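Notes follow once the structure below has been shown.
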Amino acid sequence: MRNIYLIGFMGAGKSMIARALVKKTGAESAEMDELIERQQGMAITEIFQKYGEEHFRNLETELLRSLAEKTDLIVSCGGGSVLRDENAALMKENGCIVLLTAAPETIYERVKDSKNRPVLNGNMNVAYIRELMEKRRARYEAVADIRIATDGKDADTICEEILAQPCCGR
Ligand code: S3P
């Protein structure tokens, strides 16, 4: 089975849906942020602080290269990982890219207490989330094979929608 790459803005539900898909399908999960934190032995915020965003983006690319060699993974991607062409190409070649979307208000409610989202540091509000989301929207849309709105839906419904897609079927 080809990998499933869940993409979308922070708080779109990628990790939660990845866990639900793993339960339903028995596939293996790969949570990018978690894997990077484990490899580096520090939190995402600390990586950004110590080495900068570019370094973090390089770590994402390295990780995606190694994940692309595997099959049958449910990959929960970092929200900014598809911004690089190489990363999006790696995902496209090896799997199906599923974009999860949610309204800025929904995103805010999900991430407002997070201390580990450096991109939103000092800007934890709906207006900033909406603005950054708008900046990224075209990119997310262009890269995705499938788009799924998550507002008001439970995890089961979202998983069914994903698994009903021919490129994601298990
Ligand atoms: C980022 C999203 C985060 C994490 C990092 C940068 C982004 O992942 O990779 O803080 O640029 O959107 P989540 O989408 O899992 O929060």
Side-chain angles (χ1 to χ4, degrees), residues 3-22 28-68 73-91 95-144 146-151 155 158-159 162:
N3 294 339
I4 294 178
Y5 292 94
L6 299 175
I7 68 161
F9 205 79
M10 291 162 270
K14 300 173 301 261
S15 305
M16 185 189 69
I17 296 305
R19 281 194 296 272
L21 282 172
V22 163
E28 204 184 317
S29 81
E31 156 76 43
M32 285 184 63
D33 287 348
E34 218 173 271
L35 289 170
I36 290 174
E37 287 188 328
R38 217 180 299 153
Q39 275 170 2
Q40 301 301 307
M42 61 182 101
I44 303 289
T45 305
E46 211 181 332
I47 301 174
F48 269 66
Q49 272 168 3
K50 279 200 172 145
Y51 305 107
E53 178 167 353
E54 187 64 14
H55 177 76
F56 174 73
R57 299 300 176 197
N58 291 336
L59 295 173
E60 287 188 315
T61 301
E62 270 171 39
L63 177 58
L64 281 165
R65 283 194 197 124
S66 72
L67 296 178
L73 291 178
I74 311 286
V75 186
S76 173
C77 298
S81 58
V82 288
L83 302 176
R84 261 196 196 176
D85 287 345
E86 181 182 358
N87 295 358
L90 283 164
M91 295 179 200
C96 182
I97 305 181
V98 179
L99 170 62
L100 300 181
T101 65
E105 292 78 7
T106 310
I107 298 283
Y108 173 72
E109 282 306 316
R110 292 178 185 161
V111 302
K112 64 182 179 196
D113 297 324
S114 171
K115 298 278 172 279
N116 202 22
R117 297 272 186 5
V119 173
L120 297 178
N121 257 0
N123 288 301
M124 193 57 93
N125 58 72
V126 175
Y128 185 79
I129 288 171
R130 180 177 293 114
E131 190 186 317
L132 185 57
M133 202 188 271
E134 278 309 315
K135 276 192 195 146
R136 290 183 176 183
R137 183 190 303 279
R139 176 64 178 180
Y140 285 143
E141 297 278 344
V143 162
I146 296 161
R147 295 152 196 83
I148 298 195
T150 65
D151 293 282
I158 296 167
C159 287
I162 293 173

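Note that this is a predicted model, so its numbers are computed, not measured. Atoms within a ligand are numbered from 1 in the order they appear, just like the ligands themselves. Count residues from 1 along the sequence.
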Atoms in ligand 1 flagged as close to [X], the criterion being non-hydrogen separation under 4.0 Å:
X: Arg57; result: 6 (C), 7 (C), 11 (O)
X: Ile44; result: 5 (C), 10 (O)
X: Phe56; result: 5 (C), 9 (O)
X: Val119; result: 6 (C), 7 (C), 11 (O)

Would you kindly say whether Asn87 and Ser81 are connected by a side-chain donor-acceptor distance under 3.5 Å?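 Their side chains do not contain a donor-acceptor pair, so the 3.5 Å distance test is not met.
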Would you kindly say whether Glu37 and Asn116 are connected by a side-chain donor-acceptor distance under 3.5 Å?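 Yes - a donor-acceptor pair under 3.5 Å links their side chains.
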If you have a sec, work out which protein heavy atom is nearest [atom] and how many Å separate them, to one decimal?
atom: atom 10 (O) of ligand 1; answer: Pro118 CD, 3.5 Å
atom: atom 3 (C) of ligand 1; answer: Asp33 OD2, 3.5 Å
atom: atom 14 (O) of ligand 1; answer: Lys14 NZ, 2.6 Å
atom: atom 16 (O) of ligand 1; answer: Arg117 NE, 2.5 Å

[Y]/[X] salt bridge by N-O under 4.0 Å criterion:
X: Arg139; Y: Asp85; result: yes
X: Glu60; Y: Arg84; result: no
X: Lys14; Y: Glu31; result: no
X: Arg57; Y: Glu53; result: yes

Would you call Ile36 and Ile47 a side-chain contact if the rule is heavy atoms closer than 4.5 Å?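 Yes, side chains in contact.
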Minimum side-chain heavy-atom gap Cys96-Ile146 below 4.5 Å: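 Yes, close enough: below the 4.5 Å cut-off.
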Quick one: look at [X] and ligand 1, take heavy-atom pairs under 4.0 Å, and tell me if it's side chain, backbone, both or neither.
X: Glu53; answer: neither
X: Arg136; answer: side chain
X: Met32; answer: neither

I need the Leu132 CG to Arg130 CZ distance, nearest 0.5 Å.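 Rounded to the nearest 0.5 Å, the CG-CZ separation comes out at 12.5 Å.
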Pairwise distance CD1(Ile4) to CD1(Ile97) - rounded to 0.5 angstrom: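 Taking CD1 in Ile4 and CD1 in Ile97, the distance rounds to 12.0 Å.
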Just distances here: any N/O of [X] and N/O of ligand 1 closer than 3.5 Å?
X: Gly80; answer: yes
X: Glu31; answer: no
X: Gly8; answer: no
X: Asn116; answer: no

